[in-house]
Student: 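Okay, handing you the structure first.
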Amino acid sequence: MKKMLLSLSVTAALAGCGGGETLEDVKNDSATIVPNATVTFDPANGVLSVPNDLLMSGTQDGTLNIPGELDDDNVSISRAAYSDPQLALGALDGWSSQVPYKIDLTFPSDVSLDEASAASPGTLRIFEVVMGASLTDAECSVVTAGTACKLVGELTFGVDFITQASGNGVAVIPLKPFSPGSSYINVLTTGLKDSLGRSIQPSSTYALVSEEAPLITDAQLGLQAAVNSYENVVVSSGDITKDDIIFSSAMTIQSAGPVLGTIKNLLAASLQNDALPTPMVNVPEQDVVNVQQVFAAGGVPVSAAFSGVQYLKGNITLPMYLGTPTGTEISALNDTYWKAMCSSPVAVLNQLAADQKLRDEGKQEEIDATMFVEGPYEDVCQQINAQLHDYPKIDITRHLTKYNPVPLAQSYETIPVQITKPILADINVYRSTYGLPELESIPEGGWPVVIMQHGITTNKESMLALTAQLSIQGFATVAIDHPRHGERGIDVGDDGLNSAKQVGDDFNATTGSVLSYMNLSSLLVARDSLRQSVADLLGLRLGLNFINDGTINSKDVTYVGHSLGSIVAPAFIAQANAPMEETLDPLFNVNTIALASGGGGIASFLLESAAFGPFIQGSVLSQAGTTEADEFNAYLQADAVSNCGTFLPDMEAYLTCGYDEYVAYLTTAGETSKLTNIQDVFTQFAFAAQTALDSGDPTNYAAAVKALGTPVYTNVVVGDGEDNKPDQVIPPMAANNPISGTIPLATFMGLETVSTTQPSSETPASYLVKFTKGHHASILTPAQDAAEAATVEGSAAANAEMQMQVAVYLATRGRMLLVTNSDVVTD
């Protein structure tokens with residue numbers, strides 16, 4: 001089949017690739033006055049809507065087959081080239097589980113879509129199926145890849161998804177995420193009407209291949225086999241016929257867990273395999289310092305309760321799957337995303353098949369042995385899975401997929417570990433004020449420990465704000481920086497200067513650009529920054545079992561995360577608590593978690609974030625290559641300087657200001673068409689970005705957390721509807737995607753919304769608490785954020801309530817939630 005061309009901008013993948021059809025769609029006869037509207041579908045000429053598994057056709061390594069991945073000599077492009085968001089999709093083994101998408105239609109003049117029919121149940125139906133070459137179903141494993149094999153069931157309109165008209169197309173909006181690794185068939189029916197009340201018709205291409213008519217070319221036959229398999233499987237449900245179908249397409253959702261699961265397996269294997277270093281937390285001898293002194297050294301006054309918290313610094317050595325940049329510009333990060341240790345088995349089979357074909361044609365006498373020379377990881381690949389090999393000349397891009405899930409540790413990094421422990425005499429004073437019994441000694445087995453993880457652009461030290469309440473409840477804490485944050489920034493060349501020749505790291509999201517971590521220049525790097533955070537937490541959790549401090553109880557571990565620390569938590573917990581072996585599980589398990597100000601559906605909520613949205617939107621627009629993009633870039637060079645020049649040389653602040661000014665200018669000028677075009681660019685970007693980020697997105701791990709039964713507490717600032725705004729960093733709910741934001745993620749994890757004390761019970765439970773007061777960082781500070789919180793008093797009250805709820809919930813291991821101030825919470 002001819003390679004299909006997606007109509008993509010430089011920064012985005014279009015949710016529905018429109019365009020007129022090149023084949024005649026209708027037969028004009030004397031009875032036809034107005035041509036029929038049709039579904040846009042002509043894959044031989046590059047016309048089809050995505051997601052669509054036809055883009056798996058001819059895959060070299062089990063990933064989507066995106067135009068541009070091979071050069072003119074049919075050789076794979078460099079890994080750095082995948083920074084192009086269109087090509088980034090070519091690194092994935094499927095589509096997004098959660099981003100809205102569109103099926104495009106083609107209309108003759110003066111005819112449009114009947115919007116009511118587009119939004120009606122039954123117009124578009126979605127069936128879950130098992131596809132051929134399945135890795136999990138033995139019967140379907142021998143069926144041809146790309147064809148539908150077996151019906152699983154049908155999704156429910158209004159429960160799992162809804163549809164609506166979107167320009168000349170039908171938009172599909174998930175209400176629940178599709179299951180990672182599963183396959184689905186979208187079916188449009190004759191219930192879809194045009195403005196004249198007529199059913200939309202299949203394209204001539206679809207009508208041809210959906211019949212049993214004899215075809216000629218391999219491409220036609222392949223497409224016919226695929227389409228007929230789709231229709232045959234859905235018709236087997238018994239409540240739809242082929243006459244009802246005007247279009248069908250398959251979409252396989254990309255895998256989310258295999259790579260992180262492999263990392264956990266490698267960590268477990270390190271306990272018996274000397275070739276794999278086992279993480280260990282090392283705490284050297286040091287002077288006694290308390291957290292109040294740490295804050296004082298930074299010029300921050302805090303309550304005397306922090307004097308009862310001992311502060312220590314340790315370290316741990318962990319595998320870094322992110323690569324190390326060699327340059328100082330942001331583009332130097334483009335090829336630092338994760339790579340597979342082994343060659344994709346799909347690529348190996350393709351090479352064997354190509355060799356066999358040459359032998360069959362008499363062009364080659366035997367296998368090309370030069371392609372199968374073993375690389376340095378051959379033995380390790382074989383130990384992990386007999387189907388895996390390291391052939392350096394095969395699969396040079398080394399994308400990680402469900403077929404090839406073993407990441408390569410590109411380096412090992414010794415990471416600073418922040419540790420706190422209660423000081424008995426001091427915390428007992430405060431325990432009595434809360435009605436808690438005095439602790440006479442360290443608990444038998446040591447202090448239970450809370451792993452703490454900070455938010456984006458902050459550092460592990462920010463989490464010290466929780467340590468007083470946690471120490472009063474009898475917890476030790478440990479924390480590390482996210483990659484490319486805090487003490488883990490990257491100083492290329494170790495010269496002490498950043499790219500601007502100022503003192504600091506070249507890449508550090510805490511002290512420099514957020515793009516060091518959440519990288520818009522390469523969405524695969526952003527995805528793997530998230531996955532690296534999860535891998536680090538798994539390594540830290542295992543390393544606690546080998547800490548050289550007998551006062552730490554590594555068998556009683558809980559977790560608290562803020563913002564980004566909450567975002568990476570579901571993936572961490574889904575892996576840490578997934579059963580392995582009875583002897584191994586206690587080394588990884590986390591018994592309770594508390595999350596503040598997190599959320600899923602990252603691409604959508606970032607675009608809508610009041611804090612980050614304008615910068616992201618400005619960045620996307622500036623690179624979009626559209627007329628509006630050119631105009632915006634010219635505006636930045638001239639008009640914006642007068643109002644935004646004070647932000648220079650801070651280009652992020654200048655771009656944010658410039659974008660806001662440009663949009664205000666267009667709005668005042670009544671340039672509605674330009675504003676619509678700009679919004680289309682963001683819709684395209686959201687599709688590309690979410691698809692690329694999906695395997696690092698918490699939404700894809702929420703169901704696993706719920707199934708495991710791990711008790712989870714989450715809080716979110718929803719505002720009071722008046723002066724106190726909702727969270728301005730991560731929206732509680734995204735306007736353009738109903739499964740993006742904090743509240744949807746909590747729902748998918750099975751949390752119950754409560755606003756009153758939930759008394760102690762035998763069984764742990766999971767809760768969501770909505771705050772009317774406070775702001776995104778209220779879990780950490782009583783200070784007011786004037787951009788979000790209405791009053792100083794409300795901010796302080798929210799901080800005190802959040803910290804108390806977290807501390808009690810963790811202390812009772814999810815068996816109790818204490819609400820002491822009902823004035824700052826709501827249902």
Student: When rounded to the nearest 0.5 angstrom, what is the spacing between CG in N737 and CZ in F605?
Tutor: 11.0 Å

Student: May I ask you to decide if the ring planes of F306 and F295 are parallel, tilted or perpendicular, using 30° and 60° as cut-offs?
Tutor: perpendicular

Student: Parallel, tilted or perpendicular: which one describes the rings of Y713 and Y809, with boundaries at 30° and 60°?
Tutor: tilted

Student: Is there a donor in the side chain of D697 and an acceptor in the side chain of Q690, or the other way round, less than 3.5 Å apart?
Tutor: yes

Student: I'd like to know whether E487 forms a salt bridge (Lys or Arg N to Asp or Glu O under 4.0 Å) with K460, so could you lay out the CA-CA distance, the side-chain angles of the two residues, the decisive distance to 0.1 Å, and finally the verdict.
Tutor: CA-CA 9 Å; E487 292 186 276; K460 63 185 179 299; 2.5 Å; yes

Student: The test is side chain to side chain donor-acceptor pair (under 3.5 Å); show your working for S97 and D694 and say whether it passes.
Tutor: CA-CA 7 Å; S97 68; D694 234 40; 3.2 Å; yes

Student: Determine whether S740 and Q98 satisfy the following criterion, side chain to side chain donor-acceptor pair (under 3.5 Å), listing intermediate values before the conclusion.
Tutor: CA-CA 8 Å; S740 173; Q98 56 191 297; over 6 Å; no

Student: Has K555 got more than 12 heavy atoms of other residues, nucleotides or ligands less than 6.0 Å from its NZ?
Tutor: yes

Student: For Q272 and S270, indicate whether the former's side chain and the latter's backbone hold a donor-acceptor pair under 3.5 Å.
Tutor: no

Student: For M804 and V819: C-alpha separation, side-chain torsions, deciding distance, then whether side chain to side chain contact (heavy atoms under 4.5 Å, CB included) applies.
Tutor: CA-CA 8 Å; M804 179 60 72; V819 177; over 6 Å; no

Student: With heavy-atom distances below 4.5 Å as the criterion, would you say the side chains of V717 and E788 are in contact?
Tutor: no

Student: Whether the T826 and S755 side chains hold a donor-acceptor pair (N or O, under 3.5 Å, no angle test) is what I'd like checked.
Tutor: no

Student: Would you mind reporting whether H562 and T458 have side-chain heavy atoms less than 4.5 Å apart?
Tutor: no

Student: Let me see the working for D556 and R813 under salt bridge (Lys or Arg N to Asp or Glu O under 4.0 Å), right down to the final yes or no.
Tutor: CA-CA 10 Å; D556 189 354; R813 307 305 188 267; 2.7 Å; yes

Student: How close do G474 and W447 get, heavy atom to heavy atom, and via which atoms?
Tutor: O-CE3, 3.2 Å

Student: I need the N589 CG to T710 OG1 distance, nearest 0.5 Å.
Tutor: 8.0 Å

Student: Any side-chain heavy atom of R531 sitting closer than 4.5 Å to one from Y321?
Tutor: no

Student: Picking from I451, V283, T420, I316, what satisfies side-chain contact (heavy atoms from CB on, under 4.5 Å) with V478?
Tutor: I451

Student: Where do I427 and P422 come nearest, in terms of heavy atoms and distance?
Tutor: CD1-CB, 3.6 Å

Student: Indicate the atoms forming the closest heavy-atom contact of P698 with G599, along with that distance.
Tutor: CG-O, 3.3 Å

Student: Look up atom NZ in K773 and atom CG in N724, then write down how far apart they are to the nearest 0.5 Å.
Tutor: 5.5 Å

Student: L540 and side-chain contact (heavy atoms from CB on, under 4.5 Å): which single residue from V281, V557, I415 fits?
Tutor: V281

Student: Do E801 and T820 have side-chain atoms, one donor and one acceptor, less than 3.5 Å apart?
Tutor: yes

Student: So do the side chains of K421 and I552 get within less than 4.5 Å of each other, counting heavy atoms only?
Tutor: yes

Student: Do S795 and H775 come close enough that some side-chain heavy atom pair is under 4.5 Å?
Tutor: yes

Student: Strictly by modelled atom types, are N459 and D481 linked by a side-chain donor-acceptor pair under 3.5 Å?
Tutor: no

Student: Is there a side-chain contact between L751 and S766, using heavy atoms and a 4.5 Å cut-off?
Tutor: yes

Student: Just by distance, do the side chain of K770 and the backbone of V718 share a donor-acceptor pair under 3.5 Å?
Tutor: no

Student: Does the side chain of M463 come within less than 4.5 Å of L780's, by heavy atoms?
Tutor: yes

Student: Between S516 and N508, is there a side-chain donor-acceptor contact under 3.5 Å, judged purely by atom types and distance?
Tutor: no

Student: As an exercise, state the distance from CD1 of I423 to OH of Y311, rounded to the nearest 0.5 Å.
Tutor: 14.0 Å

Student: When you measure from the side chain of Q532 to the backbone N and O of L322, does any donor-acceptor pair fall under 3.5 Å?
Tutor: yes

Student: Looking at S566, is its backbone amide N or carbonyl O close enough to the side chain of Q453 to form a donor-acceptor pair, meaning the two atoms are under 3.5 Å apart?
Tutor: no

Student: To the closest 0.5 Å, what do you measure between OG1 (T477) and CD (Q418)?
Tutor: 6.0 Å

Student: Any side-chain heavy atom of Q473 within less than 4.5 Å of one from L810?
Tutor: no

Student: With distance as the sole test, does N553 use its side chain to make a donor-acceptor pair with the main-chain N or O of V449 at under 3.5 Å?
Tutor: no

Student: Find the distance between CG (L745) and CD1 (I730) and round it off to the nearest 0.5 Å.
Tutor: 9.5 Å

Student: Closest approach of F748 and I739, non-hydrogen atoms and distance?
Tutor: CZ-CG2, 3.5 Å

Student: Provide the closest heavy-atom pair for H482 versus S533 in the form atom of the first, atom of the second, distance.
Tutor: ND1-OG, 2.8 Å

Student: Any side-chain to backbone donor/acceptor pair from D785 onto A787? Under 3.5 Å, distance only.
Tutor: yes

Student: Classify the ring geometry between Y517 and H485 as parallel (under 30°), tilted (30 to 60°) or perpendicular (over 60°).
Tutor: perpendicular

Student: Is there a side chain to side chain contact (heavy atoms under 4.5 Å, CB included) between I779 and V560 once you walk through the steps?
Tutor: CA-CA 11 Å; I779 187 70; V560 60; 5.7 Å; no

Student: For Q292 and S307, work out which heavy atoms get closest and say how close.
Tutor: OE1-CB, 3.4 Å

